[in-house]
Amino acid sequence: MRSSLLSITLSLILVCLVGWLLVTGRALLLPLAIALIVWYLINALSHGFQLVPFGGWRLPGWIAFPLSLVTIFLTSTLILDMVAENLTQLARDAPAYQVRLEEVFNQFTALIKLNDPLELQDFLPDAILPKLVTAGAGFITTIAGSASLVFIYVLFLLLEQSTFDHKFEKLFATPARARAAFALREEINRSILHYFGIKTAVSIATGLLICLILWAMGLPYAALFGFIAFLLNYIPTIGSLVSVVFPALLSLVFFDTLGPFILIVAGLGAIQFSIGNLIEPRLMGSSLNLSGLVIMISLAFWGAIWGVVGMVLCVPLTVVILIVCAKFERSRPIAVLLSANGDIGVFPETAESSERARGPEPEMNRNAFAAPQSD
């Protein structure tokens, strides 16, 4: 009893200490987290380029890897330039839009004939639109300001990635334990790649459709709202809702009638509902096996620690925790609580018993368990 109480106490202290380190070390850890994402995307994209057939020929690694670097660099540059330009223009127009929003709100309160008319300030703080735009510009500025540090991290990760497998193998005393660790890494990599692959494709489709609808309706900043929808689609549940609110508010003050506002809300709502509730769950399946409540708690936790980047990373980080906890006897209860239905698979054999049962085996092929890398 005393030993269990001591273990629980030490675990709580460890969790609090890790949380404190994540908050206080945000300036250092956040660029590192972004660099890890970029590094992973570069390798995954390079691996994807090598899988694309050109007749009976496929791209070799020495072509696919630089091609993935150039693709990600050009895409990031174009997106950041577009977002910065649109935010600058929106910041100049925001005061006029807020005045128009106040007029619309006053007309609405007069229409329903309230004895005590409501004012916009009762629901929204003063100068809310300029503040929102400023916050968005601050986020872009933060990302751009840490770009040099992110670039350095990515550069060293790319230079040293050829030694990662060898170092990882040397961490374990026996080949059986190393094989189990590589298999665990492969499972984590497969789950994260599955999630990000489908989520990225769905987010791109959502952003493009929203951009096309807004452009067809004549609403300004269609490309900016499409990018916001693409980015927010990574945030579970609330991301799709927020991506509809911003263009809906702008359409309310930009057009003189309610017709375009209703069409935009209906069109964007139909896109988010059909993709988020019909297409994406069918593509994802039950592979993630995460509880919805756990996702919301993780969203709040990582959002409070790392902001928007933490919200984007909350699901992959929780998937990693679930998979790792499921592989060890003492932490399996945590994996059961994190899962959607409690089914986390059969507990794996220990490395020693597996080694005795199989007998001597040839040298392990580490490349079979490696993360997507270039040749």
Side-chain angles (χ1 to χ4, degrees), residues 74-102 104-105 120 123-124 127-144 199-277 279-280 299 303 307-309 311-312:
L74 291 179
T75 303
S76 302
T77 302
L78 290 174
I79 289 176
L80 285 177
D81 288 344
M82 180 271 296
V83 171
E85 181 180 353
N86 278 264
L87 281 176
T88 302
Q89 181 64 35
L90 185 57
R92 288 197 294 263
D93 298 339
Y97 288 141
Q98 182 164 357
V99 171
R100 170 61 180 157
L101 184 60
E102 291 174 351
V104 171
F105 193 85
L120 181 63
F123 297 91
L124 298 176
I128 183 62
L129 292 180
K131 290 179 180 178
L132 287 176
V133 175
T134 303
F139 173 72
I140 298 298
T141 303
T142 301
I143 298 297
K199 198 69 176 178
T200 300
V202 169
S203 299
I204 291 174
T206 303
L208 289 176
L209 289 174
I210 288 179
C211 179
L212 288 175
I213 288 179
L214 297 180
W215 175 77
M217 294 296 300
L219 192 71
Y221 320 113
L224 175 62
F225 288 127
F227 172 73
I228 291 175
F230 162 78
L231 185 64
L232 293 180
N233 203 56
Y234 285 97
I235 301 176
T237 308
I238 65 173
S240 57
L241 176 63
V242 175
S243 65
V244 174
V245 170
F246 288 135
L249 285 177
L250 182 61
S251 66
L252 186 63
V253 299
F254 183 78
F255 298 105
D256 296 330
T257 61
L258 289 179
F261 167 75
I262 295 174
L263 289 176
I264 287 176
V265 171
L268 300 190
I271 291 174
Q272 293 289 4
F273 177 81
S274 58
I275 292 180
N277 293 280
I279 299 176
E280 185 176 337
L299 179 66
V308 176
V309 177
M311 291 181 178
V312 173

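It should be emphasised that the depicted structure is a prediction, and the values quoted were computed from it without experimental measurement.
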Tell me, please, which residues at least two apart from [X] pass side chain to side chain donor-acceptor pair (under 3.5 Å).
X	answer
E85	none
S274	none
S243	Q272

Gap between atom [atom2] of [Y] and atom [atom1] of [X] - 0.5 Å precision:
X	Y	atom1	atom2	result
D81	S76	CG	OG	10.5 Å
F261	M217	CZ	CE	11.5 Å
I262	F255	CD1	CZ	12.5 Å
I264	I210	CD1	CD1	11.0 Å
L214	L219	CG	CG	5.5 Å

Task: Reference residue T206; test side chain to side chain contact (heavy atoms under 4.5 Å, CB included); the match among L232, L268, I275 - done: I275
TODO: Any pair with a residue in residues 213-236 that passes side-chain hydrogen bond (donor to acceptor under 3.5 Å, both in side chains), sequence neighbours left out, goes on the list, sorted by first then second residue, please.
DONE: D93-Y221, T200-Y234, S203-N233
- [ ] Determine, step by step, whether L252 and L258 satisfy the side-chain contact (heavy atoms from CB on, under 4.5 Å) criterion, reporting the C-alpha distance in whole Å, the side-chain angles of both residues, the deciding distance to 0.1 Å, and the verdict.
- [x] CA-CA 7 Å; L252 186 63; L258 289 179; 3.7 Å; yes
Would you be so kind as to tabulate the donor-acceptor pairs closer than 3.5 Å made by side chains of residues 244-251, with sequence neighbours excluded?
from	atom 1	to	atom 2	distance (Å)
S251	OG	P247	O	3.3
S251	OG	A248	O	2.7

Task: Residues forming a side-chain contact (heavy atoms from CB on, under 4.5 Å) with I79, sequence neighbours excluded - done: T75, V83, F227
TODO: Determine the minimum heavy-atom distance between P220 and F225, stating which atoms define it.
DONE: O-CE1, 3.8 Å
